Amino acid sequence: MITIKLFAAMAEEAGKETIEMTWQEGMTTEDVKRWLAEQYPSLASRIPAAMVAVNQEFAAFANPLQDGDEVAFIPPVSGG
Amino acid sequence: MLLIVRLKHTNHLPPPLSEAQVAGNSLIGACPSMDTRYSRQLLFAPIGKEGQKKLGASRVAIVGAGALGAVLANHMVRAGVGFVRIIDRDFVEPSNLQRQMLYDEEDAANHLPKAAAAAEKLKKVNSEVIIDPVIADVTAVNAEELLADCDLILDGTDNFAIRFLINDVAVKHNIPWVYGGAVSAKGMFATIRPHVTPCLRCLIPEPPSGGETCDTAGVIGPIIHIVASYQAVEGLKILVGDQKHRNPHLEHMEIWRNFHTRINLTDKKNPDCPACGKGVFEFLDLSGKEDTFTSLCGRNSVQISPTRDRHVNLDELMERFTPLGKVERNKFLLRFHVDNHYILVVFPNGRVVVQGTDDITIARSLYAKYIGA
Ligand SMILES: [Zn+2]
């Protein structure tokens, strides 16, 4: 199982902070992004600009995932 | 001397000075002694005498003097950074006063540019610091000129278009910078050291569009001070050269709902990053750039930034506009009221803000009619 954690506006948009997804061998963060955009179309436009962290470590590109990993999506905060 | 200054600035008499205070004043003299100004900071071991010297020899650019930028500028000037450049394109408005700590009602009434108002306040706080106020929009044309001669860049901006530009300059010239953002009760910051940590383009693959801004989602004062103070302390660590204690995380907090998280950025550079991986600085590329019309979302305003600075004579404009409608003028800008509906704010470098519309077409036609192509 992969636990997807959504933050800030993405959590508000999806109406939840945590989503579970079935883990498969060879899966990467890119697969999680694709799956999330399909399941939650309202998040699709926010996913490309969100920062992705796997187990609280930043994941810059397609990161391989292990069963039980937590994948967080954090939309950057812009104002100032 | 101190007493006279106090009397001048208050409407009521100050409480009488105690004997000790009087004795202290005569010892200190008219100007606070430099040995005592930084005494508490010198006692703080990670800064100390050596660190204070380094701060005094440092140059810092603060981009944006809104809410975050005002706190950043306050910390840098009080801490004794030798040279502080404060860059901002806006003027003080009443809605800023709830959280932008350097400004007051008089600044708003006088439509003072934030950079000028901030410099004015901070010169009184620390006259030893060279403060360089710049009233301008940071663009691909001027970004390197404004930022590349500094040791550190602090992000007081409110949008990612400018942050990607800062990132390009920082990576290209190898200057550390500290990203910060705040909206509603949420905030975020991260220190970017080019080629050591991931850069902004490693972190965020695409400039986010839409999203929450302070003008649409609101913001409360405390989150501003928290984020900017974190940025400031990371800045001080960089300036005194304390690598050991730098914060390797991107931190994210929501202070109303009591939430704080961090993600570790150590060794997470993206080798395919256009900026720090490949040395391609797309946001500094001027080819094909025309004057830009930007709708300032939530502010019912459109900004027109000419690609090249053009010198505008505000006195001439004032003469030309006076028969056509109400014109207000200060040292830094001119405000021309059109049809009781729009206000054109014109700066000497050719930048114009059209207030009263967020429609770029309307702004374009007003600009063409009154300012010219
Ligand atoms: Zn990068």
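Predicted, not measured: the structure shown is a model, and the values here were computed from it. So that the names make sense, note that chain A is the first sequence line, chain B the second, and so on, each numbered from 1.
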So how far is it from [X] [atom1] to [Y] [atom2], rounded to the nearest 0.5 Å?
| X | Y | atom1 | atom2 | value |
| --- | --- | --- | --- | --- |
| M51(A) | L265(B) | CE | CG | 8.5 Å |
| N264(B) | N55(A) | CG | CG | 12.0 Å |
| K186(B) | S78(A) | NZ | OG | 12.5 Å |
| R262(B) | Q56(A) | CZ | CD | 10.0 Å |
| N63(A) | K268(B) | CG | NZ | 7.5 Å |

Heavy-atom proximity to chain A below 4.5 Å, by part of [X]:
| X | value |
| --- | --- |
| L250(B) | side chain |
| R163(B) | side chain |
| Y179(B) | side chain |

Item checked: Under 4.5 Å from a heavy atom of chain B, the part of P48(A) involved -> both
Next item on the list: Specify whether F7(A) and F259(B) have parallel, tilted or perpendicular ring planes, treating 30° as the upper limit for parallel and 60° as the lower limit for perpendicular.
Entry: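 Judged by the thresholds at 30° and 60°, the geometry between F7(A) and F259(B) is tilted.
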Notebook entry, point to check: Is any side-chain N of the basic residue among E17(A) and R257(B) closer than 4.0 Å to the acidic one's carboxylate O?
Noted result: no
Next item on the list: Name the option with the most non-hydrogen atom pairs under 4.5 Å to chain A; the candidates are N270(B), L203(B), T157(B).
Entry: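 Among N270(B), L203(B), T157(B), the one with the most close pairs to chain A is L203(B).
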Margin query: As an exercise: rank I223(B), I263(B), D272(B), T266(B) by heavy-atom pairs under 4.5 Å with chain A and give me the winner.
Written below: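 Going by pairs under 4.5 Å, I would pick I263(B).
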Margin query: Please find the pair of heavy atoms, one from I74(A) and one from M188(B), that lie closest to each other, and give the distance.
Written below: CG2-CE, 3.4 Å
Next item on the list: Give a yes or no on whether D267(B) atom CG has more than 12 heavy-atom contacts from other residues, nucleotides or ligands under 6.0 Å away.
Entry: no
